[in-house]
Amino acid sequence: MTEYERSHTMPAPPERVFDRAADVGRMGDWLPAELHVRAEELPAVTVHEDRTDEDTSALLRARRDQMRIEWGTREQGGYAGWLQVAGIDSGASEVTVHLSFFDAGHDPGEEQVTGALDDSLRRLERQVGLRADDAAG
């Protein structure tokens, strides 16, 4: 098993960050460009990965009371992960994302995964900022 974890501070309240991250219909705005999530009957989702051109059955659970999103493959057991939002001083948030690959065939490697996680967290921060701008305007 291989595990990766990255964290990023965002200048937004945790509720706003969580709501944006947990919106299945808008996950494509912040997930890596090669991943596409399509909701079925939640918690069931299908994840399409451009790298392998495969659809994978997965589960996705958003727990607002815990500010936590959890996901993982259903049949294959190839990977699982979570995203945790925590409030910090002055209305900011710390967002941590963790991935576990149980099957080496699903793990694209440390450089690619950590780069994708960092990029996704930056994209999520931009999306949270855009939402705040939309609400103010």
Side-chain angles (χ1 to χ4, degrees):
M1 179 170 74
T2 308
E3 298 185 272
Y4 303 98
E5 188 169 294
R6 305 300 275 184
S7 294
H8 188 76
T9 302
M10 299 183 189
E15 296 81 8
R16 183 183 319 148
V17 175
F18 177 82
D19 289 345
R20 183 56 156 206
D23 185 343
V24 177
R26 301 191 77 182
M27 284 184 167
D29 293 344
W30 66 272
L31 285 174
E34 62 274 359
L35 293 179
H36 312 280
V37 178
R38 184 176 66 248
E40 296 173 11
E41 190 172 324
L42 291 174
V45 296
T46 298
V47 179
H48 181 81
E49 185 177 354
D50 291 345
R51 181 176 68 94
T52 61
D53 196 30
E54 293 180 3
D55 287 336
T56 303
S57 296
L59 296 173
L60 176 74
R61 288 188 176 87
R63 303 177 193 279
R64 193 171 202 279
D65 61 324
Q66 298 174 8
M67 294 287 144
R68 185 177 180 92
I69 304 167
E70 299 172 339
W71 61 87
T73 52
R74 284 194 291 192
E75 284 95 30
Q76 305 92 327
Y79 64 88
W82 50 263
L83 180 142
Q84 182 74 51
V85 182
I88 55 176
D89 294 337
S90 67
S93 300
E94 181 77 16
V95 181
T96 302
V97 64
H98 181 97
L99 291 177
S100 300
F101 291 95
F102 307 111
D103 175 355
H106 278 91
D107 182 358
E110 181 176 5
E111 185 175 331
Q112 186 172 348
V113 172
T114 57
L117 292 176
D118 287 340
D119 184 53
S120 291
L121 289 168
R122 285 189 297 270
R123 290 174 66 190
L124 178 58
E125 179 181 17
R126 283 194 299 275
Q127 291 303 311
V128 169
L130 289 174
R131 181 175 168 200
D133 292 345
D134 290 345

Nearest heavy-atom pair of S93 and I88: which atoms, and what distance? N-CG1, 3.8 Å
What pairs with E49 under side-chain hydrogen bond (donor to acceptor under 3.5 Å, both in side chains), at least two apart in sequence or on another chain? R51
Mind listing the closest non-hydrogen atom pair of A62 and A22 along with its distance? CB-CB, 3.9 Å
If hydrophobic clusters are built from ILVMFWY residues whose side chains come within less than 4.5 Å, do L83 and V24 share one? yes
Those residues that, when tested against R61, pass side-chain hydrogen bond (donor to acceptor under 3.5 Å, both in side chains) (two or more places apart): none
Should we say atom CG of D65 is surrounded by more than 12 heavy atoms from elsewhere, each under 6.0 Å from it? yes
If you look at every heavy atom in P14 and A86, which pair is closest and at what distance? CB-C, 4.3 Å
Looking only at heavy atoms, the pair that brings S100 and E3 closest together is OG-OE2, 3.1 Å
Sorted by chain and number, sequence neighbours left out, side-chain hydrogen bond (donor to acceptor under 3.5 Å, both in side chains) with T52 holds for none
Non-hydrogen atoms of V45 and A39 that approach each other most closely: CG1-CA, 4.0 Å
Heavy-atom pair of closest approach, residues A21 and M27: O-CE, 3.3 Å
With a 4.5 Å limit on heavy-atom distance, are the side chains of T73 and F102 in contact? no
Given 3.5 Å as the limit, does a donor-acceptor pair link the side chain of T96 with the main chain of Q84, or not? no
Do L124 and H8 have side chains that get closer than 4.5 Å, going by heavy atoms? no
Hydrophobic cluster identity match, W82 and L121, side-chain contacts under 4.5 Å: no
Can you hop from V47 to L59 via hydrophobic side chains spaced under 4.5 Å? no
Membership question, hydrophobic clusters at under 4.5 Å side-chain separation (ILVMFWY): are L42 and W71 in the same one? yes
Not counting sequence neighbours, list each pair that qualifies as a side-chain hydrogen bond (donor to acceptor under 3.5 Å, both in side chains) and has a residue in residues 27-38. R26-D29, H36-D50
Mind checking whether P11 and E125 have side chains closer than 4.5 Å, heavy atoms only? yes
Non-hydrogen side-chain atoms of T2 and Y79 separated by less than 4.5 Å: no
According to the side-chain hydrogen bond (donor to acceptor under 3.5 Å, both in side chains) rule, which pairs have a member within residues 109-122, sequence neighbours left out? R6-D118
May I ask you to test the D19-R64 pair for a side-chain heavy-atom distance under 4.5 Å? yes
Identify, with sequence neighbours excluded, every residue that meets side-chain hydrogen bond (donor to acceptor under 3.5 Å, both in side chains) alongside Q66. none
